[in-house]
Amino acid sequence: MEANNFIEEIINTELGEGVCEGVHTRFPPEPNGYLHIGHAKSLCLNFGTAKKYDGLCNLFFDDTNPSKEKTEYVEAIKADIEWLGFKWHEVHYASDFFDEIYERAVKLIKDGKAFVCDLKADEISAMRGTLTEPGKESPYRNRSIEENLKLFTEMKDGKYADGEKVLRAKIDMSSPNINMRDPVIYRVLRAHHHRTGDKWCIYPMYDFAHPLCDSMQGVTHSLCTLEFEDHRPLYNWVVENTGVAHKPRQIEFARLNITNTVMSKRYLKKLVEDGAVRGWDDPRMPTLTGLRSRGVPAEALKNFCEAIGIAKANSEIEITYFEHFIRDYLNAHAERAMAVFEPLKVTISNFPDGNEMEEFDVNPNDETAGKRQISMSKHIYIEQEDFALVPPPKYFRLKKDGYVRLKNAYIIRCDDVILNEDGSVKELICSYVPESRSGNDTSGIKVKGVIHWVNADDAVDCEIRKYDYLLKDAEYSGQDFSERMNYDSVHVYNGKAEPYLSSVQEGTSFQLLRKGYYKKVTEGDKLVLSEIVSLKDGYKPNK
RNA sequence: UGGGGUGUCGCCAAGCGGUAAGGCACUGGAUUUUGAUUCCAGCAUCCGUAGGUUCGAAUCCUGCCACCCCAGCCA
């Protein structure tokens, strides 16, 4: 099997040497928040690697800290993974293994490799040493096995208050790796666990529980992010010293960073709690559910994850790269329709009475997408921005005495402009060129601009939920028109052109296509937003 | 100043001793009834840096520099 990244190289080598027989991975979120785009990378890696090697991938909830975890999150996480289209082999919870993890801790004590420590948190911290100085051994380090056993049992039975005692692995207080300086592996914590309720008052630490859970699930390759590299020696220590039969291997890779995007669960949670966004599924959020309500196709996200690759170098991907995959997918699959945000009434004086109907492809790039009907009459609406009383340089759209093409229809000429009392444009009187009809234009007139329009007779009013940018408007001010268009063309697919449509999740009304309100659309119901909204670097929620 | 990692084009990223893939972005130009798409063309004499080994190095060796992570009873 050809390796696409360094992890696959490792697997290939192991397979070749017979170190492992198959591949079993797991996606291991802690249910303390919603999944975001960063998790998508891990999701694709874990599920993708398992699939490539015809192996298995579990969903594993790392719920060893009940004070932060909730059932709401586990349900949301499952829904997000399903949305992405991944199918897990089994679902496991660290809490399902609490009994066995406890037994493994007892074994460590019996083997003289763990001890109950009475030091307070700050004392342990003070004795841990520093980056350059070794730590000092706890005075409780040499308690007898019998005493440790008794004390640990009492910890489990609730005889001690939170923080009063902990169980520590007996490793090496002078290790240059701070994680090996007699790490705490169990703490007393009286918190209601979302699954085990009040059964336990002691909980294992991540460093102890994770390798054991990997082993018990049969995981062969435990993929995690770079910050756990220093924990690998401890991971291996646990695997080697607890007597587990199956020995998994931890491999680290760089987490995903995207420009101008907040990827920290802590801040995302704060945004939700502060009411800065309507919830975890606010389209401005980089959460999977937020992306979904924004109209981002799951396929696009997966294509993106595949393209960015897996490596160990810290990196920050430009948001345009992600946007490219959204556009790429939408261009091929999204249904088209025309829409107008700020309507400007247009009367085509020489157009015959009644409606003229015609059929068009729903998606010119996909014949199987079907056809749609578009009608036209002498009264239509166009976008206010598509007419300029005083056109800036290189303005391709409508102006007084100028021509423009109505998409899918005719070329029109603006003959007259009717103004309001305040000087703003009220209505346009135009004439159309009959022989310029879409498909068989014999007029010989060349126009550069093509604009959207809706038929006044049967256009549909839509209520669009408006989301503001978190980016300030000031970001745009000072830009000239061409730059503005350029910006829009990146963030609103095709700029002023036809928006792409795709269905959105039920319950989501209509999403923003661009800044401003949607007023009229021809085909009422499904709309979509195409702008990419992101948080600025350094953005901090209000305290 | 301890330990663990990483350094190839603006951003990702291949490359694993034989003389720098690809994508995004960008720039030209052609088509185009979406200022989109599509399509051609251009875009690292150089791989953090200084030396060394070699007929030959981004790839091997040595020194140096830069950046990231670690002192939670979080994960």
Side-chain angles (χ1 to χ4, degrees), chain A residues 4-5 9 28-30 32 62-65 67-69 94 117 119-122 124-135 162-168 175-181 183-189 202-203 205-207 209-210 224-233 252 254 258-259 265 304 307-325 327-328 331-332 336 338 364-365 394-397 405-411 436-439 441 447-452 482 485-486 488-490 492-500:
Chain A
N4 285 323
N5 55 248
E9 269 176 38
E30 179 187 14
N32 67 343
D62 210 339
D63 55 354
T64 56
N65 184 359
S67 61
K68 292 185 175 180
E69 299 147 4
C117 185
L119 256 24
K120 296 290 167 285
D122 56 333
I124 288 180
S125 176
M127 292 179 74
R128 186 153 22 225
T130 66
L131 295 178
T132 53
E133 299 163 288
D162 288 10
E164 198 176 333
K165 282 180 167 49
V166 292
L167 182 69
R168 293 226 257 167
S175 170
N177 182 341
I178 293 179
N179 295 303
M180 299 299 269
R181 321 240 260 228
V184 171
I185 58 178
Y186 256 98
R187 78 284 214 182
V188 179
L189 210 195
I202 57 171
Y203 292 93
M205 298 290 290
Y206 164 87
D207 282 317
H210 208 89
C224 65
T225 43
L226 250 30
E227 64 268 31
F228 292 104
E229 280 182 311
D230 288 337
H231 295 243
R232 194 183 338 125
E252 311 83 13
I258 297 181
T259 54
K265 245 190 221 175
F304 167 69
I308 56 177
I310 299 296
K312 295 193 74 167
N314 290 117
S315 63
E316 187 176 47
I317 282 102
E318 289 177 349
I319 189 78
T320 53
Y321 202 23
F322 180 44
E323 291 170 337
H324 164 261
F325 286 97
R327 270 183 265 122
D328 190 51
N331 182 47
R336 266 70 163 176
M338 290 193 286
N365 293 331
K394 287 196 177 177
Y395 187 76
F396 295 167
R397 290 165 282 160
R405 162 147 246 130
L406 294 177
K407 183 165 174 54
N408 293 138
Y410 300 90
I411 291 174
S436 68
R437 185 178 178 128
S438 175
D441 184 349
V447 293
K448 278 189 165 178
V450 180
I451 65 172
H452 271 215
S482 58
M485 283 307 294
N486 187 273
D488 279 353
S489 71
V490 170
V492 177
Y493 306 126
N494 302 334
K496 281 293 295 162
E498 185 162 346
Y500 292 133

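Side-chain atoms are counted along with the backbone in the values below, which use heavy atoms only and exclude waters and symmetry mates. Please read all numbers here as calculations on a predicted model, not as lab measurements. Note on naming: letters A, B, ... go to the chains in the order of the sequence lines (proteins, then strands), and numbering restarts at 1 for each one.
Here G51(B) is in the anti range [glycosidic angle more than 90° from 0].
Look at K120(A) and E164(A) and you find no salt bridge, because none of the NZ, NE, NH1 or NH2 atoms lies under 4.0 Å from a carboxylate O. Ion pairing between E252(A) and R232(A) holds under the 4.0 Å rule for side-chain N and carboxylate O. Between D162(A) and R187(A) there is no salt bridge, since none of the side-chain N atoms of the basic residue sits less than 4.0 Å from a carboxylate O of the acidic one.
Residue H210(A) is classed as having no contact, given no heavy-atom separation below 4.0 Å to the nucleic acid. Using a 4.0 Å heavy-atom cutoff across all strands shown, I308(A) reaches sugar-phosphate atoms only and no base atom. Contact annotation for F228(A): base contact, defined as any heavy-atom pair under 4.0 Å involving a base atom. Contacts of A311(A) with the nucleic acid, taken as non-hydrogen atoms under 4.0 Å apart, involve only primed sugar atoms and P, OP1 or OP2. Note on G309(A): nothing from the nucleic acid sits closer than 4.0 angstrom, heavy atoms only. Among the protein residues, V184(A) comes within range of the sugar-phosphate backbone only, with heavy atoms under 4.0 Å from sugar or phosphate atoms but none that close to a base. Heavy atoms of L189(A) sit nowhere under 4.0 angstrom from any nucleic acid atom.
Residue-to-nucleotide proximity on RNA chain B shows that, of F325(A) and K448(A), the 5′-proximal contact is made by F325(A).
No N or O donor and acceptor, one from the side chain of R232(A) and one from the base of G4(B), sit under 3.5 Å apart. Side chain E9(A) to base C16(B): a donor-acceptor pair is found below 3.5 Å. A donor and an acceptor atom never sit less than 3.5 Å apart when one is taken from the side chain of N177(A) and the other from the base of G4(B). Remark: the E318(A) side chain and the G10(B) base include a donor-acceptor N/O pair separated by less than 3.5 Å.
When the C1' atom is used for both C61(B) and C16(B), the distance is 16 Å, rounded to whole Å. The same atom, P, is picked in U45(B) and in C40(B); the two are 25 Å apart, to the nearest Å. Between A41(B) and C55(B), the distance separating the two P atoms is 40 Å to the nearest Å. To the nearest whole angstrom, the two C1' atoms, one in A44(B) and one in G15(B), are 14 Å apart. Here, C73(B) and A66(B) have their P atoms 32 Å apart, quoted to the whole Å. Rounded to whole Å, the separation between the P atoms of A30(B) and C69(B) comes to 49 Å. C11(B) and C26(B): their C1' atoms are spaced 12 Å apart (whole Å). Rounded to whole Å, the C1' atom of A13(B) lies 13 Å from the corresponding atom of C47(B).
When distances run from any side-chain atom of Y395(A) to the nucleotides G35(B), C73(B), C69(B), the shortest one goes to G35(B). For N179(A), the side-chain atoms get nearest to C70(B) when compared with the rest of A25(B), A13(B), C70(B). The E229(A) side chain lies nearest to G5(B) when the options are G5(B), A71(B), C69(B). In this structure, of A75(B), U34(B), G72(B), it is G72(B) that holds the atom nearest to the side chain of S125(A). The K68(A) side chain lies nearest to C74(B) when the options are C73(B), G3(B), C74(B). Checked against C73(B), A71(B), G3(B), the side chain of K120(A) finds its nearest nucleotide in C73(B). Side-chain proximity of N65(A) to C12(B), C74(B), G2(B): nearest is C74(B). Residue A121(A) has its side chain nearest to C73(B) when only A75(B), C73(B), C12(B) are considered. Which of C73(B), G35(B), G2(B) sits closest to the side chain of V450(A) comes down to G35(B). When distances are taken from the side chain of R187(A) to each of C74(B), C69(B), C12(B), the shortest belongs to C74(B).
Protein atom CD of E323(A) is 16 Å distant from nucleotide atom C1' of G23(B), rounded to whole Å. Computed from coordinates, the M180(A) CE to G4(B) P distance equals 13 Å when rounded to whole Å. Atom P of nucleotide G48(B) and atom CG of N314(A) are separated by 16 Å, given to the nearest angstrom. Put simply, CG on N331(A) is 12 Å from P on A36(B), counting in whole angstrom units. Atom pair I185(A):CD1 and G72(B):C1' shows a separation of 16 Å (rounding to whole Å applied). Straight-line distance from the CD1 atom of I310(A) to the C1' atom of G15(B): 18 Å, rounded to whole Å. The CD-C1' distance, from E316(A) to C11(B), rounds to 9 Å in whole Å. Atom CD1 in I178(A) sits roughly 8 Å away from atom P in G72(B) (whole-Å rounding).
The aromatic rings of Y321(A) and H324(A) lie parallel to each other, with less than 30° between the two planes, well short of the 60° mark.
The partner of U31(B) is absent, by the rule that a Watson-Crick or G-U pair needs both atom distances under 3.5 Å. With a cut-off of 3.5 Å on both Watson-Crick or G-U wobble distances, the partner of C67(B) is given as G5(B).
For C73(B), one of the phosphate oxygens OP1 or OP2 lies less than 4.0 angstrom from a side-chain nitrogen or oxygen of R128(A). Using a 4.0 Å cut-off, some side-chain N or O of T64(A) falls inside it from OP1 or OP2 of A75(B).
Here the side chains of K165(A) and C117(A) are not in contact, with every heavy-atom distance at 4.5 Å or above.
Atoms CG and CD, from D62(A) and E30(A) in turn, are 6.5 Å apart once rounded to the nearest 0.5 Å. Distance OG1/T64(A) to OH/Y186(A): 10.0 Å, rounded to 0.5 Å.
Side-chain contact, S67(A) with N65(A): a donor N or O sits under 3.5 Å from an acceptor N or O.
Remark: ring of Y321(A) does not overlap the six-membered base ring of A25(B) in a stacked fashion, as centroids less than 5.5 Å apart with planes less than 30° apart are not both met.
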message: Using the rule given for side-chain hydrogen bond (donor to acceptor under 3.5 Å, both in side chains), can you reason through T130(A) versus E133(A), listing the C-alpha separation, both sets of side-chain angles and the distance that settles it, and then say yes or no?
response: CA-CA 5 Å; T130(A) 66; E133(A) 299 163 288; 3.1 Å; yes
